[in-house]
Amino acid sequence: MALTGARADGWLPSHAYLGLDRLGGAVRRIDDAAVESGRDPADLRKVYKRVGPHRAR
């Protein structure tokens, strides 16, 4: 997470890799690392990939 915050342009975890119960903590770690590196956390694109059946709405 620290390397992602310090160097990456974005982050795309999947639900299979990182459950919703751990997502908030991971995003905080990335954002903290970005700030420590002098970057704006808002400049990192964060997308959460959810895989599985979808209901029609």
For Asp32 and Val35, what are the C-alpha separation, side-chain angles and deciding distance, and is it a side chain to side chain contact (heavy atoms under 4.5 Å, CB included)? CA-CA 5 Å; Asp32 289 347; Val35 169; 5.8 Å; no

Is any side-chain heavy atom of His15 less than 4.5 Å from a side-chain heavy atom of Tyr48? yes

Looking at Ala2 and Ala33, what are the two nearest heavy atoms and their distance? O-CB, 3.4 Å

When rounded to the nearest 0.5 angstrom, what distance separates CG in Asp31 from CG in Leu44? 7.5 Å

So if you build clusters from Ile, Leu, Val, Met, Phe, Trp, Tyr with side-chain heavy-atom gaps below 4.5 Å, do Leu12 and Tyr17 land together? no

Side-chain heavy atoms under 4.5 angstrom apart, residues restricted to Ile, Leu, Val, Met, Phe, Trp, Tyr: same cluster for Leu18 and Leu3? no

If we only count heavy atoms from C-beta on, is the Lys49 to Val47 side-chain gap below 4.5 Å? no

Taken to the nearest 0.5 Å, the spacing of Arg39 CZ from Arg7 CZ works out to 8.5 Å

Quick check: do Lys46 and Ile30 have side-chain heavy atoms less than 4.5 Å from each other? yes

Hey, what do you get for CG (Asp43) to CG (Asp40), rounding to the nearest 0.5 Å? 4.5 Å

